[in-house]
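Okay, so here's the structure we're looking at.
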There are 2 protein chains.
Amino acid sequence: MLWILPAERPAMPAPPANSPGIRERETAPKNGAERRRAGRPAAAVLDLAGITAAALRLISENGYDGLTMAALARSLHVAPSALYNHVESKRDVLLLVEDHLTALVDVTAFAAEPWESAVRKWAWSYRDVFAEHTPLIPVIAVLPVTDAPRTLAMYETVSAGFRAAGFPEERIVSAIVALESFIFGSAYDVTAPADIFDSGSMAESTPSFTGAVRSLAAQGHGKPADVAFSLGLEALIGGFGALRE
Amino acid sequence: MLWILPAERPAMPAPPANSPGIRERETAPKNGAERRRAGRPAAAVLDLAGITAAALRLISENGYDGLTMAALARSLHVAPSALYNHVESKRDVLLLVEDHLTALVDVTAFAAEPWESAVRKWAWSYRDVFAEHTPLIPVIAVLPVTDAPRTLAMYETVSAGFRAAGFPEERIVSAIVALESFIFGSAYDVTAPADIFDSGSMAESTPSFTGAVRSLAAQGHGKPADVAFSLGLEALIGGFGALRE
DNA sequence: ACCTGAACACCGTTCAAGT
DNA sequence: ACCTGAACACCGTTCAAGT
């Protein structure tokens with residue numbers, strides 16, 4: 001099991017110039033294939049931060065289909081087997097990416113705004129981040145928080161916000177889980193094709209649904225995924241707000 | 001693209017005794033490897049209903065890791081390439097399974113009960129069916145309804161129920177999509193390990209979250225996934241119910 | 001039209017050998 | 001400890017050949 005220790009990923013100090021990571025990638029491939037020969041190199045070529053950055057670059061270029069261990073190794077100029085000195089499996093790579101992305105979710109409003117607007121900003125931000133990374137959702141859903149310290153940090157901030165807003169303690173986790181379930185499902189919805197509800201040749205045998213789809217399209221302010229997300233989120237915020245003491 | 005035409009899957013009439021499908025599987029493997037030789041057989045060995053049934057059997061025995069085209073072919077006593085006379089890709093097999101499962105979702109309450117309890121029964125049934133089949137969720141989320149007639153039939157029944165309950169037409173699809181997003185996310189949650197929220201060695205640095213997790217565990221009536229699903233679902237039903245005219 | 005059999009281009013992962 | 005290089009056991013899919 002991979003352990004992402006906080007010490008491995010310092011927040012502020014820039015790594016020294018001779019450390020591995022992205023820097024390596026910018027200088028190494030200059031041109032002629034001056035390839036490494038077998039054996040341990042004088043300084044390590046790989047580290048977790050560099051692997052994470054390379055994985056994110058591959059994903060942004062070619063999507064998750066482009067994230068293979070072979071492609072990841074190639075982009076880092078190592079043999080595929082070299083990766084296994086740093087991660088136990090491809091799932092560990094996905095965990096590194098997940099923990100990186102969760103740190104991008106905006107939780108700042110919990111320190112500065114009323115509960116309703118803080119939850120609203122957090123939920124939209126969370127959905128937007130993972131709508132671009134839906135292949136991670138099955139990983140997150142089963143991920144023990146112990147394995148992802150930044151994910152755990154997000155939960156701490158959010159639960160503290162719920163507590164400060166007067167939520168009964170025994171309901172906090174359930175409310176967060178329910179919101180997260182809605183957020184993950186809605187992230188998939190963002191990726192759905194525009195014509196997902198086109199009933200095609202079955203239209204006349206499904207009059208109620210077809211009419212409802214046309215009615216939504218006719219008024220059409222906002223993307224359908226955003227309208228549905230807003231509708232559900234406001235219902236959840238309204239319902240949960242009533243639980244506060 | 002695979003088209004699951006209604007004519008291919010009659011609801012009531014049992015197939016004739018000499019038709020392919022499950023029956024074939026029960027009689028064929030009797031013992032000695034009396035193998036088919038190349039060339040078109042006198043009667044087709046495969047059909048979509050048989051492929052679907054074999055896929056469901058493999059999934060129930062070994063999970064989705066066990067559903068490979070090679071294993072599917074083996075269980076049907078054909079070469080893997082024979083499957084491609086009936087489906088274009090493995091995704092088509094997943095669509096066959098999805099359409100079969102959606103038909104198991106209970107929508108009967110929409111004809112007989114008030115809107116609130118009908119939605120409640122539908123949502124619990126929908127979650128329970130797909131909690132056992134989470135690998136299908138990424139497929140469903142992007143699936144045009146045209147490709148899955150039984151899924152479309154479910155939407156017709158549900159949207160007719162919303163309409164009859166006084167929902168404004170232009171909100172029906174958004175409300176259903178929001179509920180579905182919550183249901184899909186919650187289906188993942190059912191599969192999460194029991195200790196998913198164990199903060200481990202980070203417990204003292206996350207007092208608010210750790211306390212909330214302990215408080216939930218302490219009172220612990222019901223599985224956490226069920227408690228969260230109930231909480232979210234009731235909030236959505238309450239919020240959406242207020243939209244009715 | 002619908003099967004077999006052989007192939008193709010991958011995939012994640014393992015492991016001996018090297019320094 | 002951390003690389004290379006060669007292998008392994010798969011994967012989904014294609015296609016010529018057969019009837």
Side-chain angles (χ1 to χ4, degrees), chain A residues 1-2 8 18-21 24-25 28 33-51 54-55 58 62-97 135 139, chain B residues 1-2 8 18-21 24-25 28 33-51 54-55 58 62-97 135 139:
Chain A
M1 175 59 77
L2 175 79
E8 284 180 320
N18 65 344
S19 89
E24 177 70 15
R25 207 263 172 182
E34 47 182 63
R35 51 204 332 231
R36 247 182 320 273
R37 68 181 197 280
R40 181 190 187 197
V45 177
L46 299 176
D47 65 4
L48 295 183
I51 292 170
L58 281 177
N62 309 308
Y64 278 82
D65 285 347
L67 180 62
T68 67
M69 295 301 271
L72 186 56
R74 196 182 324 117
S75 81
L76 290 162
H77 310 102
V78 295
S81 50
L83 294 168
Y84 292 87
N85 290 305
H86 301 268
V87 296
E88 278 191 358
S89 66
K90 184 177 178 179
R91 184 169 182 276
D92 281 356
V93 176
L94 295 177
L95 257 57
L96 288 168
V97 172
V139 176
Chain B
M1 175 59 75
L2 174 79
E8 285 180 316
N18 64 344
S19 88
E24 177 70 17
R25 207 262 172 184
E34 47 182 65
R35 51 204 334 229
R36 248 184 318 276
R37 66 182 200 280
R40 182 190 186 196
V45 178
L46 298 176
D47 65 3
L48 294 184
I51 291 171
L58 280 177
N62 308 308
Y64 278 82
D65 286 346
L67 180 62
T68 68
M69 295 301 270
L72 186 56
R74 196 181 325 117
S75 82
L76 290 162
H77 310 102
V78 296
S81 51
L83 293 168
Y84 292 87
N85 291 304
H86 301 267
V87 296
E88 277 192 357
S89 66
K90 183 177 178 180
R91 185 170 180 276
D92 281 356
V93 176
L94 295 177
L95 256 57
L96 289 168
V97 172
V139 175

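Here is the naming used below: chain letters follow the sequence lines, and residue numbers restart at 1 for every chain. No hydrogens, no waters, no symmetry mates; every other heavy atom, side chains included, goes into these values.
The phosphate of C:dC11 (OP1 or OP2) has a side-chain N or O of A:T68 nearer than 4.0 angstrom. Close to D:dT4, at under 4.0 Å from its OP1 or OP2, lies a side-chain N or O of A:R36. In this model, the phosphate group of C:dC3 is approached by a side-chain N or O of B:H86 to a distance below 4.0 Å at OP1 or OP2.
Listed nucleotides C:dC3, D:dT13, C:dT13 differ in distance to A:P80; the shortest reach to its side chain belongs to C:dT13. For B:R37, the side-chain atoms get nearest to D:dT19 when compared with the rest of D:dG5, D:dC2, D:dT19.
D:dC11 atom C1' lies 17 Å from atom CE of A:M69, rounded to whole Å. The CZ atom of A:R91 sits 11 Å away from the P atom of C:dT13 (whole-angstrom rounding). Rounding to whole angstrom units, CG of residue B:L83 and C1' of C:dC3 are separated by 11 Å. When rounded to the nearest whole Å, the span between CG of A:D65 and P of C:dG12 equals 11 Å. A:Y84 has its OH atom 7 Å from the P atom of C:dT14, to the nearest Å. Atom CG in B:L46 sits about 12 Å away from atom C1' in C:dT4, given to the nearest Å. Atoms CG (B:L76) and P (C:dC3) sit 10 Å apart, rounded to a whole Å. Distance A:N85 CG to D:dC2 C1': 5 Å, rounded to the nearest Å.
Between B:G39 and B:A70, the residue whose closest nucleotide on DNA chain D is further toward the 5' end is B:A70. Mapped onto DNA chain D by nearest heavy atom, A:A82 and B:A71 fall at different nucleotides, with A:A82 at the one closer to the 5' end. Nearest-nucleotide assignment on DNA chain C puts the 5′-proximal partner with A:S81, out of A:R40 and A:S81.
In plain terms, the two heavy atoms of B:A55 and B:V97 that are nearest each other are CB-CG2, 3.8 Å. Taking both residues in full, the closest heavy atoms of A:P80 and A:A70 are given as CG-CA, 4.3 Å, listed atom of the first, atom of the second, then distance. In plain terms, the two heavy atoms of B:T68 and B:A71 that are nearest each other are OG1-N, 3.0 Å.
Across all strands shown, D:dC8 forms a Watson-Crick or G-U wobble pair with C:dG12, both key distances being under 3.5 Å. Applying the Watson-Crick and G-U wobble criteria (two distances, each under 3.5 Å), D:dC2 pairs with C:dG18.
With a 4.5 Å cut-off on side-chain heavy atoms, B:L76 and B:V45 do not count as touching. In this structure the side chain of A:L58 never reaches within 4.5 angstrom of the side chain of A:R74, judged on heavy atoms.
Using a 4.0 Å heavy-atom distance criterion, B:S89 is classed as a sugar-phosphate-only contact.
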